[in-house]
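Contents: one structure, followed by commentary.
Just so it is clear: chains get the letters A, B, ... in the order the sequence lines come, proteins before strands, and each one is counted from 1.
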Amino acid sequence: MTESQPETNPSADTGKKSMDEIMALCKRRGFVYPASEIYGGINGFWDYGPLGSQLKKNLRDAWWHDVVMTGCRGKTGPDGNPVRVVPVDTCIIQNPKVWEASGHVGGFNDPMVDCRETKSRYRADHVKCMGEKGDSSGQIYAFIDGDDASFEGALKKLGKYKKKNLTRDEVDICPLTDLSVEELAITVGPDTKEVGTLTEPRAFNLMFKTYIGATATEDDIAYLRPETAQGIFIHFKNVVDTTRVAVPFGIAQTGKSFRNEVTPRNFTFRSREFEQMEIEFFCHPDEAGAWYEFWRDWRMQWWKDLGLEGENLILREHEKDELAHYAKEGAGTSDIEYRFPFTAPGYGELEGIADRTNFDLKQHQDHSKKKMEYHDTTRGEPLPNGQPKGEWYIPHVIEPSAGLDRGVLALLCEAYTPDPERPSKVYMKFHPRIAPIKAAIFPLVNKDGMPDKAMEIYRAVVQRVGAHGFVEYDPKQNIGKRYARMDEAGCPFCFTVDSETLTDGTVTVRDRDTLSQERIPAGDVPGYLAERLGLGS
RNA sequence: GCGGGUGUAGCUCAGUGGUAGAGCGUCACGUUGCCAACGUGAAUGUCGACGGUUCGAAUCCGUUCACCCGCUCCA
């Protein structure tokens with residue numbers, strides 16, 4: 001997760017949009033509510049209302065359809081064949097050994113110490129303390145273990161305090177974690193001159209902990225998954241063995257993940273409970289580079305096609321020094337980043353595409369002692385009978401990992417369009433494909449048979465597009481008010497029955513974005529809509 | 001985790017110790033006939049929560065929770 005610093009000019013829209021106003025609209029129109037709001041809320045958790053949950057479902061469905069059901073919408077992969085992706089749905093809680101293998105436990109359970117003055121944070125087991133040998137009175141000096149400059153600094157400070165020159169052999173050293181609270185209070189931090197700036201060591205485990213079974217002892221500890229990816233890796237062999245898939249192929253999964261973020265911030269952007277849409281694409285090591293580029297470019301195009309066009313969306317290749325441990329040897333890592341109002345003029349990550357090499361499968365092979373090698377019968381020297389000899393290898397993995405909630409947030413921010421000219425002052429310009437309300441059917445006035453005709457059209461439209469989003473029927477209040485309401489909800493098309501409908505059978509179609517109106521036969525409404533929603537006429 | 005700010009109706013906010021308010025929105029009825037029109041009426045609040053001071057607290061004090069901003073963190 002990066003919020004990159006500005007590189008492009010902050011001219012475009014999102015920087016000027018007010019996050020407060022977007023949040024107010026989300027609440028007002030039922031997109032997003034604070035979780036547990038009537039009890040005062042709960043930090044880092046958000047719930048979706050009726051429009052929000054449908055919007056989120058539409059985004060997830062679009063991903064599922066485009067990735068899993070149609071293999072990148074029928075695109076041809078770098079190997080010249082259709083792209084194959086199959087789904088799994090794995091548990092949030094797994095054997096804790098999964099997280100030991102993935103590296104999530106370990107680096108995570110380390111207690112940390114903060115310096116209140118310099119705001120630095122140290123791993124508690126990396127900080128050591130010194131005092132004069134044979135004289136335990138007075139201040140204690142902390143330094144970073146293994147860092148000579150830090151050691152010398154502490155030695156110098158101690159010597160100055162004791163008013164004598166001390167050498168390495170004249171001090172006692174102990175781990176910071178051995179200090180009592182009282183001793184910590186008279187300890188000088190590694191980068192300060194005053195005592196008492198260090199906090200007590202605290203665990204910063206970003207994984208949610210829970211207990212399996214009712215007894216809840218230390219032996220029963222389990223974790224809520226911090227990513228869905230590991231559920232895919234641990235079933236790689238199962239999928240290969242039970243499905244007629246052959247490398248290269250992908251396994252996809254959507255689902256909730258949990259991270260005990262230090263600071264949840266920025267609306268739903270950094271939540272403690274969030275949903276991911278992850279693909280692990282397995283391929284031969286020699287082809288990893290080509291597949292990395294394929295996924296990186298296609299995933300970028302995918303977000304663009306959902307309406308995140310223009311300068312607010314960028315593809316950012318990671319610098320070598322910020323690559324994660326698993327990606328160091330790979331072809332690279334890219335982030336698809338969106339310029340949110342709260343990151344502008346910087347960007348926030350929507351999706352990361354990483355070449356993870358064979359790191360994960362190898363880790364699981366090492367920890368589980370189960371072979372993760374794949375027998376590729378299309379490779380190897382030709383045998384006398386003309387067939388290839390076959391090749392055993394641990395596939396490399398390209399991982400396009402997207403944040404569903406972040407995607408929803410980006411769609412909300414992108415759609416939010418202030419327009420002082422129209423009565424609502426703002427409208428939500430959702431791409432019709434992901435708009436939660438697909439259409440509204442209005443009688444111009446609530447009499448003269450118009451409601452009956454409108455209701456008839458409403459039923460036909462629900463029949464045709466109801467599986468993809470809401471269809472509204474609203475006969476109350478004046479027509480302008482109803483249009484305005486639909487603008488705020490982001491409904492792309494409104495169909496209105498008027499007196500002409502009763503004589504010539506046509507209705508008006510109001511386009512949300514252009515405000516233009518045209519007349520079409522009432523019977524054509526479902527087809528007209530289906531075509532514009534990408535469902536075919 | 002640190003510092004700053006905010007919290008009153010669905011939304012935006014006024015209200016500095018003495019009866020809980022406005023605009024918009026929502027609902028009903030009437031009117032209206034293509035962009036939040038008009039009329040009449042109605043509902044809606046433990047003033048974020050808990051505790052204290054006071055005859056009396058939305059208002060003063062303490063604690064706490066949530067959100068926003070800046071640091072920090074983001075394996």
Side-chain angles (χ1 to χ4, degrees), chain A residues 1-3 18-30 32-46 49 99 102-110 112-123 197-207 226-227 259-272 274 322-326 341-342 348-349 352 419 421-427 442-448 450 476-488 494-501 507-512 515-519:
Chain A
M1 261 171 283
T2 22
E3 278 111 272
S18 152
M19 203 57 216
D20 285 348
E21 283 169 22
I22 293 173
M23 288 171 70
L25 185 141
C26 283
K27 174 77 189 295
R28 188 168 71 241
R29 298 260 76 120
V32 179
Y33 307 131
S36 303
E37 191 184 17
I38 61 170
Y39 293 104
I42 177 167
N43 197 355
F45 298 88
W46 299 88
W99 311 116
S102 67
H104 288 90
V105 180
F108 264 119
N109 288 316
D110 301 321
M112 306 292 278
V113 169
D114 284 340
C115 176
R116 297 188 187 93
E117 189 183 315
T118 66
K119 311 293 183 192
S120 319
R121 173 169 290 170
Y122 317 95
R123 272 179 64 166
T197 62
L198 296 180
T199 63
E200 287 179 57
R202 288 169 298 201
F204 275 84
N205 190 334
L206 289 201
M207 279 203 292
E227 61 177 31
R259 292 183 200 181
N260 230 334
E261 296 288 355
V262 176
T263 314
R265 210 38 95 73
N266 292 327
F267 203 25
T268 60
F269 183 80
R270 182 172 298 141
S271 304
R272 291 187 163 130
F274 57 98
E322 61 173 320
L323 289 180
H325 54 286
Y326 52 77
F342 49 80
E349 182 185 342
D419 180 358
E421 298 301 309
R422 60 176 81 197
S424 59
K425 307 290 184 230
V426 63
Y427 66 107
F442 300 142
L444 182 59
V445 288
N446 196 11
K447 60 182 185 185
D448 300 338
M450 292 182 205
K476 301 284 182 68
Q477 298 175 314
N478 78 62
I479 193 70
K481 203 168 201 169
R482 284 175 278 166
Y483 285 153
R485 211 180 273 139
M486 286 302 108
D487 277 350
E488 270 204 336
C494 294
F495 301 91
T496 301
V497 170
D498 57 18
S499 52
E500 268 185 72
T501 311
V507 297
T508 62
V509 188
R510 172 195 185 260
D511 183 286
R512 176 196 64 202
L515 299 180
S516 66
Q517 296 193 26
E518 57 173 321
R519 297 199 75 89

Can you check the [X] [atom1] to [N] [atom2] distance for me, whole Å?
X         : N      : atom1 : atom2 : answer
Lys27(A)  : U26(B) : NZ    : C1'   : 14 Å
Asp498(A) : C34(B) : CG    : C1'   : 8 Å
Gln477(A) : C29(B) : CD    : P     : 11 Å
Glu21(A)  : C24(B) : CD    : C1'   : 15 Å

Side chain to side chain contact (heavy atoms under 4.5 Å, CB included) partners for [X], two or more places apart:
X         : value
Asp20(A)  : Ser18(A)
Lys27(A)  : Tyr33(A), Pro34(A), Glu37(A)
Asn478(A) : Lys481(A)
Arg28(A)  : Ala24(A), Leu25(A), Glu488(A)

Base paired to [N] (Watson-Crick or G-U; both N/O distances under 3.5 angstrom):
N      : result
G3(B)  : C69(B)
G21(B) : C13(B)
U46(B) : none
C27(B) : G41(B)
G51(B) : C61(B)

*asked:* Going by the rule side chain to side chain donor-acceptor pair (under 3.5 Å), which residues pair with Arg422(A) if we only count those two or more places apart in sequence or in a different chain?
replied: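 Counting only residues at least two positions away or on another chain, Arg422(A) forms a side chain to side chain donor-acceptor pair (under 3.5 Å) with Asp419(A), Asp487(A).
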*Identify, between Val507(A) and Glu37(A), the residue whose nearest nucleotide on RNA chain B lies closer to the 5' end.*
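Mapping each residue to its closest nucleotide by heavy atoms, the 5'-most match is Glu37(A).
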*asked:* So does Asn43(A) get a backbone contact from the side chain of Arg272(A), meaning a donor-acceptor N/O pair under 3.5 Å?
replied: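 Yes.
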_Arg482(A) side-chain N/O to Leu444(A) backbone N/O, donor-acceptor pair under 3.5 Å_ =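 Yes: the side chain of Arg482(A) pairs with the backbone of Leu444(A).
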Between [M] and [N] - [atom1] atom distance, rounded Å:
N      : M      : atom1 : result
A14(B) : G21(B) : C1'   : 8 Å
C11(B) : G45(B) : P     : 13 Å
A22(B) : G5(B)  : P     : 31 Å
C61(B) : C38(B) : P     : 43 Å
C27(B) : G70(B) : P     : 38 Å
A9(B)  : C35(B) : P     : 34 Å
G39(B) : G10(B) : P     : 25 Å
A37(B) : G25(B) : C1'   : 16 Å

*asked:* Under 4.0 Å, heavy atoms only, any strand: does Thr508(A) hit a base, just the sugar-phosphate, or nothing?
replied: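 Base, at least one base heavy atom under 4.0 Å.
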Check: protein-nucleotides 35-42 of chain B nitrogen or oxygen pairs below 3.5 Å:
from, atom 1, to, atom 2, distance (Å)
C35(B), O2, Arg510(A), NH2, 3.3
C35(B), N3, Arg510(A), NE, 2.7
C35(B), N4, Arg510(A), NE, 3.4
C35(B), N4, Leu515(A), O, 3.2
C35(B), N4, Gln517(A), NE2, 2.9
A36(B), N7, Pro423(A), O, 2.6
A36(B), N7, Ser424(A), N, 3.1
A37(B), OP2, Asn478(A), ND2, 2.4
A37(B), N7, Asn478(A), ND2, 2.9

*Residues in ring pair (Phe, Tyr, Trp, His ring centres under 6.0 Å) with Phe267(A), at least two apart?*
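Checked Phe267(A) against ring pair (Phe, Tyr, Trp, His ring centres under 6.0 Å); matches are Trp46(A).
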Kindly give the atom pairs (protein nitrogen or oxygen, nucleotide nitrogen or oxygen) under 3.5 Å for nucleotides 65-69 of chain B.
from, atom 1, to, atom 2, distance (Å)
C65(B), O2', Gly40(A), O, 3.4
A66(B), OP1, Asn43(A), N, 3.3
A66(B), O4', Gly40(A), O, 3.0
C67(B), OP1, Asn43(A), OD1, 3.3
C67(B), OP1, Gly44(A), N, 3.2
C67(B), OP2, Asn43(A), OD1, 2.6
C68(B), OP1, Phe267(A), N, 2.8
C69(B), OP1, Asn266(A), OD1, 3.4
C69(B), OP2, Asn266(A), OD1, 3.3
C69(B), N4, Arg265(A), NH2, 3.3

*asked:* What's the closest nucleotide to the side chain of Lys476(A) if the choices are G10(B), A28(B), C73(B)?
replied: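 For Lys476(A), the side-chain atoms sit closest to A28(B).
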*Does Glu21(A) have any salt bridge (Lys or Arg N to Asp or Glu O under 4.0 Å) partners at least two apart in sequence or in another chain, and if so, which?*
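Listed in chain order: nothing, the list is empty.
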*Cation-aromatic face contact Arg510(A)/Tyr483(A), 6.0 Å, 45 degrees*: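 Yes, a cation-pi geometry.
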